[in-house]
Amino acid sequence: MAAAKKTSPSTKSTKKPAGKAAASAPIPGSPAAEPPSLAEPTEPREPLPTKPDQRGPEPVSPTGSPAGERAQAGAHLTTAQGVRLPVTDHSLRAGPRGPALLQDHHLREKVMHFDHERIPERVVHARGAAAHGVFVANGSAESVTSAAFLAKGAETPTFVRFSTVLGSRGSADTVRDTRGFATKFYTTDGNFDLVGNNMPVFFIQDGIKFPDIIHAAKPHPDREIPQAQSAHDTFWDFVSLHTEATHHTMWNMSDRGIPRSYRMMEGFGVHTFRLVNAAGETTLVKFHWKPAAGVHSLVWEEAQLAAGMDPDFHRRDLADAIEAGAFPSWDFGIQTFPDTEDQTFEGIDLLDPTKLVPEELAPVQVIGTMTLNANPTNFFAETEQVAFHTGHLVPGIDITDDPLLAARNFSYLDTQLTRLGGPNFAQIPINRPHVPVNDMQRDGFHQDAVHEGVAPYHPNSLDGGCPFLAGDDVSAFIETPVVVPSGAKVRESPNSDVAAISFDDHFTQARLFYLSMSPVEQAHIAQAYTFELGKCYETAIRERMLGVLAQIDADLCATVATGLGLTAPKSGKLADVEPSPALSQVGEQWPTAGRIIGIVVDDGAPLEDVRAVRDAISAEGMLPLVVGPHGGVLDDGSGDPVVVQRTFLTARSIEFDAVLLAAAPGPAADAKVPKDAKAGHAVLAEVPVDPRVALLLAETYRQAKAIGGWGDVVSALTAAGCDPTAAGIVVADSASDVLDEVTALMGEHRVWDRFPAAV
Ligand code: HDE
C-alpha cells in the first residue's frame, strides 16, 4: 500500500520548478510531507503519506516471497540471501580429504544460524502445546461489560497455549503439576489475554513471593533434579512453612494435578477481575472455562507410565483430536459479585487468589463458547513465540487490587525482553493484534515495521497530529475510577477484617476442597501426599507437613502418617465447612467423542465383528485402534483386510480409554516370554495368552477402565488376573451389545466402583 502512494526516486522528474512555483515547492529538508497547521490538529485522520523522495523496502515476506505469504518460497535451496545452491552436504575443502576452508560462506551461514536457533525457554510454563480456535459470545455478559467480543454473536479468533509449570521444554506431559491455560483473544478492540490455570487458586498471595515458590519447586540447584515434579524436599520444605500454599497444594495432590488431556481440563482466571459496562457500572467476576468433554484425570499409574512410554501424551492428544475433527470446546463463564467497597462475597475475600467461591454460592453463568479447530503450522513461530500478558486488557475488562495480579502485570512484559529478545515481540506474527496499531513505539531489537512519518510523539503537528486520542465516539480503554482505600505505605498482609475467609485463613478452603471429594478422590489425595512426602529425604519436613494436614482433616493426616511410618499429630478444632459438590469430577455422564478404544485381535478372530465394531466406534466420533499380533493387515480373504494400528509390542494401556477383546490371543511370534521385559510376570508365561495382551488387560483393569469382549475371551481375562464378573467388564455374544455397554461405561470416564475406596 505504501509503495503505491510513493514516487520512486528513479522515476521522479528531476526538472527544477521555476518562478513562483519554485517558492511554494517544499524546500529539501522540510521534516514532513505537509506543512503543519498553526494550531494542534484535532480532527482525527489517518497517518500522512511519506514524502515523495522517500521509499521503504519492497513489501516482501521475511523470506522474500510476495507480501502476504510468510513462509519460504521457490523450488530451489538458497542461502539466506536468496542465492541458489547446488551443494549443501559438503563443506568447501582444499582437496576432498583436505582441511575445510574459512572462505566457505555457506557453511559459515548455515552453522551460524543453527547455533542460534534456540531462545531461552519460559522461566515457568516452559513445556506446552497450543491450538487456534474461535470464540463465539452468547451475549449474556452484555449487561455487565462493554467488551466488544462479549457482545451477542461476536466471533473472535483465539490462540490457546496449555502448559505444565515446573518442567523444562523437553519434560514429560503427564507429571503431577498445575497446568497453564492461556488464551489470546484477537478482538476488534485489540488483544485480550486471559492467562489462567487449570486450578482456581494459587500458591501465594503476593507476587513478591513468586521467586520463592518457583525456586522451591524447580529442581534442586546443585544436581538439577528432580525434573518437572514437586516430589522433593525443597518443595515440601517451602509449602509446609508457607501455609498459604496449602489450598493450591491440595489441588495439586488431587486428580486435577494429572489431567487425562488438555481437552478435559477446566480453566480459571484465578484472580477476581472487574467488568465495566457502557454506563460505567462495575461488577467483580471470576472467569471459568468448562470443557464440553468434562473434567477427567489420569490415575497415577497411567501418569507415570505415560511419562516414559509417551512423554508427549497431552501434546499428541490435542493435536490428534483436532486433526481428527474432534474439536475440543469449552464454555466460557463468569461468577459475578457486587463491586462493594470491601470486595468480599459471602465472607470470602475476593482479592485473595488462594480462595475460590463455591459454585453453589455463585453459579457460573455461560457467556460464550470456544472451539479449538486448527493446529499450529510451526511450533516455534506460534507456540514458542506467543507472548501472553495479564496487562493485555480491552475496554470493558479491568483488573482488581489482587496483590498477585499486580506483580504479574509487571512480570509478563519484563520476561519477554529476555525470552523474545527485546520490546518488539508484539510484531511477531502470532502476537500481532488483528486491528490497526498506531502506538508511537519506535526502533528496538527485531524491528519489523518500517514506520513512516517524523513525529512519533504526542502532541504533534508535523504528522498532521496523527495518531489522535480516542474520543467518545470510539471504544477506548478507560481506567475505572475505583476508590482506593486510604492508608499508610506498608509491607503487610492485606488481610480483611470484614471477610471470615481472608488472607490469614490458610486451611478452611483446603478442608472444603477435601471434603467435597468422593471417597475415591480422597483416597487418591492421600496416596499422592504419601507418595510425594515419601520421596523427601528429611523426616522433619514430613513431620511438619503432617502438622499442616492435621489442620485439614484428621483421617487424611492419619492415612498419610501411616504410609510414611510416622505418628499423626492431633487435629485441633477444624473449620465447619459446607462441601461444594461441583468440585468433584465423579458422578456425571460425559460425551465420549474423541475417546480411544483399543480392539485386540489375533489372526484367527472373525473379522466381520471387528470391522463392524471399528466402524461403529468411528461413527460415534471415537477413535478405534486395532491391536494385532503383527504389523500390516489381518486378512480373512473377504477382500476387506483389517489394518493393524498397534501391535502387542507397541500397544500400552495408557493409550486407551477402554479395551475390547475380539479374541483371547495366544503368544504372538515375537513374544519372547521369559526374556521380554514387557512380557513381565513369570505366572503369565504359563498361560496360553500373549503376555503383552495380558499386561495390557491387567493395567487397563487396574486403571479402572472399561473392558469388553465377545466370544471365548474369558481365558484372556483370567490370565490377566481380571475377574470377568467384576464391575466394568462386559462379556457377551454380540459385539455390538458389548460396544454399547462399554460406551455407556466410558461416559462415566472410569469404572469408579473398581477402586478400593469405593468398594
Ligand atoms: Fe505466570 N508467568 N506468573 N502465573 N503464567 C509466566 O510469562 C508470573 C501466575 C501462567 O503459555 C511467565 O511469558 C509471576 C498465576 C501461565 O506462554 C512469567 C507470577 C497464574 C503462563 C510469569 C505468576 C499464572 C505463565 C513465564 C506471580 C494463573 C504461561 C513466561 C505474581 C492464574 C503462558 C511468560 C504461556 C507464564 C510470571 C503467577 C499462569 C515469568 C511473577 C497466578 C498459564 O512472566
Side-chain angles (χ1 to χ4, degrees), residues 166 174-178 199 203 216-217 220 225-226 228-243 245-258 297-308 506-507 510-572 574 583-586 698-699 701-704 750 752-759:
L166 294 179
T174 58
V175 294
R176 182 178 291 285
D177 196 358
T178 308
M199 299 179 188
F203 288 111
H220 291 211
I225 52 175
Q229 52 193 294
S230 50
H232 57 105
D233 289 81
T234 54
F235 175 79
W236 290 102
D237 184 32
F238 179 78
V239 298
S240 59
L241 291 169
H242 179 80
T243 50
T246 306
H247 189 190
H248 189 171
T249 309
M250 172 67 75
W251 278 77
N252 275 84
M253 293 307 114
S254 81
D255 292 344
R256 304 275 184 143
I258 43 173
S297 295
L298 299 171
V299 296
W300 186 226
E301 178 181 86
E302 284 174 299
Q304 287 183 301
L305 281 176
H506 298 172
F507 303 115
R511 180 166 166 73
L512 166 92
F513 180 79
Y514 182 72
L515 293 184
S516 304
M517 296 293 106
S518 64
V520 175
E521 292 167 298
Q522 287 185 340
H524 289 173
I525 290 174
Q527 190 190 38
Y529 275 107
T530 314
F531 177 92
E532 297 249 330
L533 292 167
K535 289 281 191 173
C536 292
Y537 288 84
E538 299 298 343
T539 304
I541 291 173
R542 294 190 192 132
E543 286 178 339
R544 198 192 296 144
M545 198 55 216
L546 287 176
V548 173
L549 294 182
Q551 304 196 56
I552 300 172
D553 185 78
D555 285 345
L556 170 66
C557 182
T559 311
V560 176
T562 306
L564 297 174
L566 296 170
T567 308
K570 285 224 159 25
S571 295
L574 299 174
L583 295 172
S584 169
Q585 53 179 286
V586 176
E699 286 179 359
Y701 184 81
R702 271 205 302 278
Q703 294 159 12
R750 300 270 167 196
W752 298 105
D753 289 347
R754 223 188 274 149
F755 287 105
V759 177

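The shown structure was predicted, so the numbers you read here are calculated from the model rather than taken from an experiment.
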Any heavy-atom pair between the side chains of R256 and Q585 that's under 4.5 Å?
yes
CG (L512) and CE (M517) are apart, to the nearest 0.5 Å, by 8.5 Å
Tell me, do M199 and F513 make a side-chain contact under 4.5 Å, heavy atoms counted?
no
Out of curiosity, Y529 OH to I552 CD1, how far, rounded to the nearest 0.5 Å?
5.0 Å
Please give me the minimum heavy-atom distance between A568 and A558, naming the atom from each residue.
CB-CA, 3.9 Å
So, for A217 and F235, which heavy atoms are closest and what is the spacing to 0.1 Å?
CB-CD1, 3.7 Å
Would you check, one step at a time, whether the test side chain to side chain contact (heavy atoms under 4.5 Å, CB included) holds for V548 with T243?
CA-CA 8 Å; V548 173; T243 50; 4.0 Å; yes
Do R176 side-chain atoms and M253 backbone N/O form a donor-acceptor pair below 3.5 Å?
yes
So does Q703 get a backbone contact from the side chain of R754, meaning a donor-acceptor N/O pair under 3.5 Å?
no
So H242 and F238, would you call those rings parallel, tilted or perpendicular, with 30° and 60° as cut-offs?
parallel
Can you tell me how far apart CZ (F755) and CZ (R750) are? Round to the nearest 0.5 Å.
6.0 Å
For D237, which residues count as a salt bridge (Lys or Arg N to Asp or Glu O under 4.0 Å) partner, sequence neighbours excluded?
R544
Output for pair (L549 CG, F507 CZ), nearest 0.5 Å, gives 9.5 Å
Can a side-chain donor-acceptor contact be found between E532 and S230 if the only test is distance below 3.5 angstrom?
yes
Donor-acceptor pair, D255 side chain versus S297 backbone, under 3.5 Å?
no
Mind listing the closest non-hydrogen atom pair of A757 and V520 along with its distance?
CB-CA, 3.9 Å
Check T234 against A216 and note the closest heavy-atom contact, atom names and distance.
OG1-O, 2.6 Å
Between F203 and W251, is the ring centre distance below 6.0 Å?
no
Taken to the nearest 0.5 Å, the spacing of L566 CG from E543 CD works out to 5.5 Å
In terms of heavy-atom contacts, H220 and D233 come closest through NE2-N, 3.9 Å
I need the full list of salt bridge (Lys or Arg N to Asp or Glu O under 4.0 Å) pairs touching residues 511-530, with sequence neighbours left out, sorted by first then second residue.
R511-D553
Are any side-chain N or O atoms of T174 and backbone N or O atoms of A303, one a donor and one an acceptor, separated by less than 3.5 Å?
yes
Dump the intermediate steps for side chain to side chain contact (heavy atoms under 4.5 Å, CB included) on E699 and L305, then the final yes or no.
CA-CA 10 Å; E699 286 179 359; L305 281 176; 3.6 Å; yes
Roughly how far, to the nearest 0.5 Å, is CH2 of W752 from OG of S518?
6.5 Å
Tightest non-hydrogen contact, residues A550 and S571, listed as O-OG, 2.7 Å
Quick check: do Q522 and L556 have side-chain heavy atoms less than 4.5 Å from each other?
no
Do the non-hydrogen side-chain atoms of K535 and W236 ever get within less than 4.5 Å of each other?
no
